[in-house]
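Encoded as structure tokens, the structure appears first; notes follow it.
Predicted model, so just to flag it, every value in this text is computed and none were measured. Each residue takes its place number in the sequence, starting with 1.
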Amino acid sequence: MVPPYDTRETLQKLQLALRRWRPARLVALGDSFHDAAGSGRMAAEDAALLHRLLAGIEMVWVLGNHDPVPPAGLPGTAVEELQDGKLVFRHEARRGAVKPSEISGHFHPKATMATRCGGVTRPCFIADAWRVMLPAFGAYTGGLDAGDPAIAGLFPRGARVFLLGSDRCYSMPVAPSRAKRPVTGAEAVGTAAG
């Protein structure tokens with residue numbers, strides 16, 4: 001079950017980001033909706049707000065495992081993946097060496113950083129020299145720990161995580177993966193929120 005206010009809060013968060021950054025293009029990396037029919041169930045006022053937010057912006061919907069079809073009635077283009085120069089944007093990261101470099105979502109990574117008052121867990125970006133995995137953008141989307149084999153197996157030489165704070169990012173290294181067998185995306189779906 002998804003809270004009924006999830007869409008509204010996510011759209012408000014998107015509105016703030018669009019005002020701040022004023023992008024010419026917005027690429028959504030899949031799982032933009034909870035299922036294939038999710039865009040059709042949006043409240044009329046939420047759909048109208050999304051139309052206003054996307055006016056004048058090139059919108060690219062990368063299809064994901066939860067939203068494998070183009071969103072009905074919304075502006076933009078739907079693609080399996082988007083290549084732009086030396087970067088490819090896809091929903092789920094590919095195992096092994098990637099060329100060109102990739103930016104992905106799917107696992108909704110989160111990490112815990114030790115502080116004087118105990119651990120603080122937050123959504124995070126994970127990056128190495130070839131790939132960047134983005135956290136979930138949704139207001140109430142769960143996450144999978146960055147150390148889970150489904151994620152760590154994608155970074156066999158280690159990586160850096162970047163936790164999102166209220167006014168800055170906090171970074172820490174992730175040790176190289178020692179997983180004996182990487183978990184596949186299909187297996188990880190049962191353990192992650194996306």
Where [X] and [Y] come nearest, the two heavy atoms and their spacing:
| X | Y | answer |
| --- | --- | --- |
| L26 | L54 | CD2-CD2, 3.9 Å |
| P123 | P135 | CB-CB, 3.7 Å |
| S39 | A72 | OG-N, 2.9 Å |
| L63 | P70 | CD2-N, 3.8 Å |
| A93 | M133 | CB-CE, 4.3 Å |
| V161 | A146 | CG1-CB, 4.1 Å |

* **Partner set under salt bridge (charged side-chain N to carboxylate O under 4.0 Å, His left out) for R131, not counting sequence neighbours** =>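 Expected list: E102.
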If Ile, Leu, Val, Met, Phe, Trp and Tyr residues are connected whenever their side-chain heavy atoms lie under 4.5 Å apart, and connections chain through other members, are [X] and [Y] in the same group?
| X | Y | answer |
| --- | --- | --- |
| V98 | L154 | no |
| L50 | I57 | yes |
| F137 | I103 | no |
| M172 | Y170 | yes |
| L87 | F125 | yes |

* Asked: What's the verdict on salt bridge (Lys or Arg N to Asp or Glu O under 4.0 Å) for D128 and R157, showing C-alpha distance, side-chain angles and the deciding distance?
  -> CA-CA 8 Å; D128 66 9; R157 295 184 176 152; over 6 Å; no
* To do: Verify ring-ring contact (aromatic ring centres under 6.0 Å, His included) between H106 and H91, making sure each step is shown before the conclusion.
  => CA-CA 6 Å; H106 182 63; H91 176 61; 4.7 Å; yes
Nearest 0.5 Å please: distance from the [atom1] atom of [X] over to the [atom2] atom of [Y].
| X | Y | atom1 | atom2 | answer |
| --- | --- | --- | --- | --- |
| H66 | T141 | NE2 | OG1 | 9.5 Å |
| L16 | Q12 | CG | CD | 8.0 Å |
| T77 | E58 | OG1 | CD | 6.5 Å |

* Lys/Arg N to Asp/Glu carboxylate O, D145 vs K110, below 4.0 Å ->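 No, no charged N to carboxylate O under 4.0 Å.
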* Does R90 pair with E80 as a salt bridge, N-O distance under 4.0 Å? ->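 Looking at R90 and E80, the cut-off is not met.
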* To do: Could you walk me through whether H108 and L144 pass side-chain contact (heavy atoms from CB on, under 4.5 Å), step by step?
  => CA-CA 6 Å; H108 314 307; L144 184 63; 6.0 Å; no
Beyond-backbone contact of [X] with [Y], side-chain heavy atoms, under 4.5 angstrom:
| X | Y | answer |
| --- | --- | --- |
| Q15 | L53 | yes |
| P109 | C124 | yes |
| L18 | P23 | yes |
| L74 | H51 | yes |
| V88 | P100 | yes |

* To do: Go through the structure and list residues passing side chain to side chain contact (heavy atoms under 4.5 Å, CB included) with V27, not counting sequence neighbours.
  =>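 Side chain to side chain contact (heavy atoms under 4.5 Å, CB included) list for V27, sorted by chain: R25, L29, V60, V62, L82, F89.
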* Where do D46 and R41 land on the side-chain contact (heavy atoms from CB on, under 4.5 Å) test, with the steps shown first? -> CA-CA 10 Å; D46 292 337; R41 288 193 310 273; over 6 Å; no
* Is there a donor-acceptor contact under 3.5 Å from the side chain of T10 to the main chain of D6? ->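 The answer is yes, because a donor-acceptor pair under 3.5 Å joins these two groups.
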* State whether a side-chain donor-acceptor pair under 3.5 Å links S171 with R160. =>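 Yes, because at least one side-chain N or O of S171 sits under 3.5 Å from a partner of the opposite role on R160.
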* Asked: How about D67 and H34: does a side-chain donor come under 3.5 Å of a side-chain acceptor?
  ->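 Absent: no donor and acceptor within the cut-off.
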* Parallel, tilted or perpendicular: which fits the ring planes of F33 and W61, with parallel below 30° and perpendicular above 60°? ->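 Ring orientation of F33 relative to W61: tilted.
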